[in-house]
Amino acid sequence: MTEFFHDCTTNERKREIEELLNNFAQQIGAWRFCLYFLSSTRNDYVMMYSLTVFENLINKMWLGVPSQDKMEIRSCLPKLLLAHHKTLPYFIRNKLCKVIVDIGRQDWPMFYHDFFTNILQLIQSPVTTPLGLIMLKTTSEELACPREDLSVARKEELRKLLLEQVQTVLGLLTGILETVWDKHSVTAATPPPSPTSGESGDLLSNLLQSPSSAKLLNQPIPILDVESEYICSLALECLAHLFSWIPLSASITPSLLTTIFHFARFGCDIRARKMASVNGSSQNCVLGQERGRLGVLAMSCINELMSKNCVPMEFEEYLLRMFQQTFYLLQKITKDNNAHTVKSRLEELDESYIEKFTDFLRLFVSVHLRRIESYSQFPVVEFLTLLFKYTFHQPTHEGYFSCLDIWTLFLDYLTSKIKSRLGDKEAVLNRYEDALVLLLTEVLNRIQFRYNQAQLEELDDETLDDDQQTEWQRYLRQSLEVVAKVMELLPTHAFSTLFPVLQDNLEVYLGLQQFIVTSASGHRLNITAENDCRRLHCSLRDLSSLLQAVGRLAEYFIGDVFAVRFSDALTVVERLVKVTLYGSQIKLYNIETAVPSVLKPDLIDVHAQSLAALQAYSHWLAQYCSEAHRQNTQQFVTLISTTMDAVTPLISTKVQDKLLLSACHLLVSLATTVRPVFLISIPAVQKVFNRITDASAQRLVDKAQVLVCRALSNILLLPWPNLPENEQQWPVRSINHASLISALSRDYHNLKPNAVAPQRKMPLDDTKVIIHQTLSVLEDIVENISGESTKSRQICYQSLQESVQVSLALFPAFIHQSDVTDEMLSFFLTLFRGLRVQMGVPFTEQIIQTFLNMFTREQLAESILHEGSTGCRVVEKFLKILQVVVQEPGQVFKPFLPSIISLCMEQVYPIIAEHPSPDVKAELFELLFRTLHHNWRYFFRSTVLASVQRGIAEEQMENEPQFSAIMQVMGQSW
C-alpha cells in the first residue's frame, strides 16, 4: 500500500498493485485477513483498504456470505471500533462506523437485532457519547435516505423502524444538550448589569408572550470546554439530519426547541468572540470560532424544521414559539446602541451564521407568513422593522441581494393576498403602507451614488456572469424589481417618491448647456475642477439608474388604469421626450470633457437610457394613440414628432453604437407598437427613409441597419389601428414598400447572372458581404411580418419577389460555400414559415425541386462530414424547410413526399448513422416524425373508422417499403 501511494511509483506498477489488491478482495475469506490487518496495523492506507474490502463484501456480496461468517463480522467490527475509537484517525473511525451501519442496513432487525440498541447505549455512556452520536448520524444518513440499491419495500421497512425510535433518540439528544448547557450555566459568571443590557423593550415584550422566556433567553451564554463543544456540535448535526426527514410531531418537544435556540445564541454572541481575540492565544480564537459554529449548526436545525410546509395543527403553537425565539435573536443582532452600529455587529458575526439566519427569514416569509400573520400575538409590522434593519445593514452585497429576495417574496405574498381578498385591500395596505414606503425610499437611496457611493463603487461593472449581466447590473435590476412591486401596490406613493428624485438629477443634466463652450476642435464642457467632475459623474450615474427605474414602472400606467394615471404618465413622457431631444440637439455624446474616460461614457449612457425609458412607454403611447384618434389631439402628434426629431440625428455612423442602437429600438417600437397614421408624413421619418435608400450614404452597423429597415418596412406594412380597411391607403403604401425593398437590395440584384450584359467579375469576399448584408435585412423583415394580416404579407411578398428569384438563381453557384448557403437557407426557411401561401404553389415547387437536385449524396457528405459546424447547419436548415413542407395540409406538396423520404433514407441517414452529428440527427428524426404524423394517409388510404366498419382484418398498406424503412430507422435511434 505504501508503494502504491509513493511518488516514485510508476503508473504501470500502480496498475499491477491495483490488480493484485482487487484479486485479493475477490477471494472468499479475504475479510478474515482484513480483520487481522485492522487490529494489528497503524498504517492508514492498509486500514482504509481493509475497510473498503468489508464495504464491498457487505454491499455487493452479503447474500452469499455464510451466516456463521456474518455473525462473526457483526460481532468483531463493533468490538474493534469500541476498542480503538479514541486512537484511530477520524476518517478511519468514520469509515468503520459506516461499514457497521451498512451491516445494519442489510440485517437489522432480523439478524442484527441489537444494532440500534447498541447505538443508544453508546450515546448514554459518557465515555462513548461522541462515538454513539457519529453512529447515529451515519445511521440517519444511510438508513433514512438510502441509495438506490435497496428495494422499495426494504426502504419503507427501515424508515418505519427508524420512526419508532425517533422519540427515544430526540429525548436522548435533548438530554445531552440540556445537561451540557445546565452544567456550564451554573459556573458561568453573571456579568454586572450594563447600561445596554435592558433588551426586553416593547418590541421584545410583543415577540415573547411571557417575561420569563425573555429572561431565559437573556441569561449569559456559558463558556464550554472543548469536549462539551464537540459533543454539542455532534448532537446538533444529528438533529439537523433527523429533522430533514422526520415529520413534524409532538416528538419535537418545546424543551428541545428552547434548547436549540439557546445554542443558536452562540452565533450572535459577539462578546465571546471578542474575548477570544483579546486573550490573544490561538486556542482562544479557535474556541471563539467553535462557539460560532454551534450557532450555525443550531440555525441549520431550525431551518430544517422551517422548510416543512405541512404543519399539523398541534405543531402550530410550537412553530409560533420558534418564530418568537428567532426574532428575539434577530432583535439582538440588529439592536443599535452607542458601542456598536448594526453593520459593524453583523460584520463581526460568522458569515455562515448570517447566511443561515437569512435562510430562516426567507423560509419564514415564503412558507409560513400566511399561517402566522393571523396570530394576534405575532406582530408582523414589528417583524418587518427588524427585517428592514437587518437588510440595510448587511455587510456584503450577496447578503443584501438575499435580503432583497425576501422582500420580493413578501411583496408577492401581499399582492396575491390583495387579489384574493379585494374587499380587504385598503385594510391590508393601510397596515403595511409605512413599511412599504420606507422600503421604497431606502432601496432608491441604495442605488444612488449620492447616498451610497462607497458601496456602489465596489460593484464590478465589467465582468459578465452566467446571466450575461455585470454585478452592478444585477444589483440595479434586483433593486428595481422591488421598486416595481411596491409601485404595483402603492402607485401614488411610489410615483410621488420617485419622480422628485428624478427631477433633481434632470435639473443638473439639463443645466449642462450653460457650461458648453465652443473651442477650435468643437464643443467642450467647461467643468474642470476635480470635485465638480466627481459630483457630475455621480449625478449622471444616478440619473441613468433613475431613468431605468421610471422605464420599469411603465406597465403600471396602461390598461384599466390608463385614464386614472394619465396625467402622471404624460408628465413622465413629456420629460423623457424633452431630455432625449435636448441630448440630440446639443450633441452631448460628441462633447469634449475634462475626464473623457469617465464623463463621456456617462453622458452617452444617460442619453441611451432616456431613449430606452421612452421606448418602455410605447404601449402607453399606443393606448394614447387610440384615444387621440377619437379626439384628434394635437398634443399626441407633438409628442411623436418631437420624439422623431430626437431619434433621427442619432441614426448616423458618427454616433456611438450604444446610443445608435437605443435610437433604432425606439424607432422600431414607434413603428410597430404605436403605429400612428401620420408617422410617415413626419419630415424626420422621411429623412431616415432617404438616408437608408441613398446608395451613396455610408451603411450603419449590421444590427442597426436591420432595425432601421424593419422599422421603415413596418411603417408601410402594418395596418393602422382604429381605421377601416378602405382607409388604410394600401396601394400607395405598396408602391412605397416596393421601392424601399428595391433600394435595399439594389446591389444584390446586380449579382444575378445576365445573358444580355455579362457582369464584370466581383471578388468573392465582396459578393459574400453583399449577400450577407441584404439577406440579413430581408430575412428580418419577413420574420417580423409573418404573424400579421394577409394584406401585409401579400405586399411584403410582392416587394420581395425579385430578391427571392435572385436568391434561387444564385443558390447553385454557391453550393460549395457553406457560409453563403447557410444564410440563403435561413432566408428560405423564414420565407417558408411566413410567406409560403403568398409564394404560391408553382414557385414553391421550383424552390423545393432546386434544393432536392442540389443536395446530392456527395454534397450532403461534404456538408456533414468535412465542413464542420457551418456545413451541419446548412443541412439542418434544409431539413427544417422540408419539415414545413411535409406538414402543410392539403394535396399541394404531397407529390414531393417520395423524393423527401428517399432523400432522408437513402442519402442523409446512411451518412449520419455512422457519425455523431447529433444536431443533424435530431432534425432528421423530427422530419421523419412529421412525415408520418401529417401524412399517414400516404401509407394507409382509408380511415381507421372505415376499416373497422368494413370489418377488414388487415388493411393493405401503400408504400410499405418506405414505411418499414422509416420505422426501422426510428427503432435504431434508441
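Rounded to the nearest 0.5 Å, atoms CG (Leu404) and CD (Gln478) are 6.0 Å apart. One distance of note links CG of Leu363 with OG1 of Thr326; it measures 11.0 Å at 0.5 Å rounding. In this structure, CG on Leu297 lies 11.0 Å from CD1 on Ile260, to the nearest 0.5 angstrom. We find the CE-CD1 distance between Met322 and Ile252 to be 8.5 Å, quoted to the nearest 0.5 Å. Atom CD in Gln615 sits 7.0 Å away from atom NE2 in His665 (nearest 0.5 Å).
Between Phe323 and His368, the angle of the ring planes lies from 30° to 60°, which puts this pair in the tilted group. Ring geometry for Phe392 versus Tyr400: interplanar angle of 30 to 60°, hence tilted. The aromatic rings of Tyr624 and Phe566 sit perpendicular, their planes meeting at an angle over 60°, well past the 30° parallel limit. Using a 30° and 60° split on the angle between ring planes, Phe495 and Phe499 fall in the parallel class, below 30°. Classified by interplanar angle (parallel below 30°, tilted 30° to 60°, perpendicular above 60°), the ring pair Tyr353/Phe357 is tilted. Between Phe410 and Tyr432, the ring planes lie perpendicular to each other; the angle is over 60°, past the 30° to 60° tilted range.
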side-chain hydrogen bond (donor to acceptor under 3.5 Å, both in side chains) between Lys485 and Thr415, intermediate numbers included: CA-CA 8 Å; Lys485 286 178 187 295; Thr415 308; over 6 Å; no
Working for salt bridge (Lys or Arg N to Asp or Glu O under 4.0 Å), residues Arg362 and Asp359: CA-CA 5 Å; Arg362 181 187 295 107; Asp359 286 343; 3.0 Å; yes
Derivation of the ring-ring contact (aromatic ring centres under 6.0 Å, His included) call for Phe327 and Phe383: CA-CA 7 Å; Phe327 296 133; Phe383 155 64; 4.8 Å; yes
Residues Thr673, Leu621; criterion side-chain contact (heavy atoms from CB on, under 4.5 Å); working and verdict: CA-CA 8 Å; Thr673 308; Leu621 286 167; over 6 Å; no
Test log, rule side-chain hydrogen bond (donor to acceptor under 3.5 Å, both in side chains), inputs Gln453 and Glu457: CA-CA 6 Å; Gln453 185 172 354; Glu457 283 181 343; 2.9 Å; yes
side-chain hydrogen bond (donor to acceptor under 3.5 Å, both in side chains) between Asp605 and Ser544, worked out: CA-CA 7 Å; Asp605 192 48; Ser544 177; 2.6 Å; yes
Check against side-chain contact (heavy atoms from CB on, under 4.5 Å), Trp620 and Leu570: CA-CA 9 Å; Trp620 181 85; Leu570 184 62; 3.9 Å; yes
Derivation of the side-chain hydrogen bond (donor to acceptor under 3.5 Å, both in side chains) call for Arg321 and Gln325: CA-CA 6 Å; Arg321 188 176 285 133; Gln325 291 174 324; over 6 Å; no
side-chain contact (heavy atoms from CB on, under 4.5 Å) between Leu411 and Leu436, worked out: CA-CA 9 Å; Leu411 293 167; Leu436 296 182; 3.4 Å; yes
Derivation and outcome, side-chain contact (heavy atoms from CB on, under 4.5 Å), residues Leu361 and Leu330: CA-CA 10 Å; Leu361 295 169; Leu330 180 57; 4.0 Å; yes
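Taking a cutoff of 4.0 Å between a charged side-chain nitrogen and a carboxylate oxygen, Glu398 and Arg474 qualify as a salt bridge. By the 4.0 Å N-to-carboxylate-O rule, Arg446 lies close enough to Glu442 to be salt-bridged with it. Ion pair Arg431/Glu426 not flagged as a salt bridge, since none of the NZ, NE, NH1 or NH2 atoms sits closer than 4.0 Å to an Asp/Glu carboxylate oxygen.
Of the possible donor and acceptor atoms, one in the side chain of Lys389 sits under 3.5 Å from a partner among the backbone N and O of Thr334. Between the side chain of Gln394 and the main chain of Tyr390, a donor-acceptor pair closer than 3.5 Å is present. A donor-acceptor pair is defined here as one N or O able to donate and one able to accept, closer than 3.5 Å; such a pair exists between the side chain of Gln623 and the backbone of Gly559. Under the 3.5 Å distance criterion, the side-chain polar atoms of Asp350 are matched with a main-chain donor or acceptor of Ser352. Under a 3.5 Å cut-off, the side chain of Asp542 and the backbone N or O of Phe449 do form a donor-acceptor pair. A donor-acceptor pair under 3.5 Å is absent between the side-chain atoms of Thr672 and the main chain of Ser669, judged by distance alone. Here the side chain of Ser539 pairs no donor or acceptor atom with the backbone of Arg535 at under 3.5 angstrom. Panel note: side chain Lys658, backbone Pro601; no donor-acceptor pair is recorded below 3.5 Å. In terms of modelled atom types and a separation under 3.5 Å, the side chain of Asp465 and the main chain of Gln468 share a donor-acceptor contact.
Residues Leu546 and Val501 are in side-chain contact: their nearest non-hydrogen atoms beyond the backbone lie under 4.5 Å apart. By the 4.5 Å heavy-atom criterion applied to side chains, Asn505 and Gln448 are counted as neighbours. For the pair Leu386 and Ile333, the minimum side-chain heavy-atom distance is 4.5 Å or more. Looking at Val166 and Trp245, their side chains come closer than 4.5 Å, going by heavy atoms from C-beta outward. Looking at heavy atoms from C-beta onward, Ser255 lies in side-chain contact with Thr174 at the 4.5 angstrom threshold. At a threshold of 4.5 Å between non-hydrogen side-chain atoms, the residues Arg565 and Thr492 do not count as touching. Proximity of Arg552 to Val483: side-chain heavy atoms (C-beta onward) are nowhere separated by under 4.5 Å. Inter-residue side-chain proximity for Leu170 and Leu239 is flagged as met; some heavy-atom pair is nearer than 4.5 Å.
Counting non-hydrogen atoms of neighbouring residues, nucleotides and ligands closer than 6.0 angstrom, the NE2 atom of His537 exceeds 12 such neighbours.
With a 6.0 Å cutoff to the six-membered ring centre and a 45° limit on the axis angle, Arg541 counts as a cation-pi contact of Trp472.
At a cut-off of 3.5 Å, with distance as the only test, no side-chain donor of Tyr413 or Ser366 sits close to an acceptor on the other residue. Thr470 and Asp461 share a donor-acceptor pair across their side chains, judged by distance under 3.5 Å alone. With no hydrogens or angles considered, no side-chain donor-acceptor pair links Glu304 and Ser244 at under 3.5 Å. Counting only N and O atoms by type, the side chains of Glu471 and His397 include no donor and acceptor under 3.5 Å apart.
Nearest approach of Cys625 to Pro676, heavy atoms of both residues: SG-CA, 4.1 Å. Here the shortest heavy-atom pairing between Val674 and Phe636 reads CG1-CZ, 3.9 Å. Closest non-hydrogen pair, Ala298 versus Ala264, comes out as CB-N, 3.4 Å. The minimum heavy-atom distance linking Lys308 with Val367 is given by the pair O-CG1, 4.1 Å. Shown here for Ser140 and His241, the closest heavy-atom pair between the two residues is OG-ND1, 2.6 Å.
Applying side chain to side chain contact (heavy atoms under 4.5 Å, CB included) to Leu440 and the options Val482, Asn445, Thr497 leaves one that passes, Thr497.
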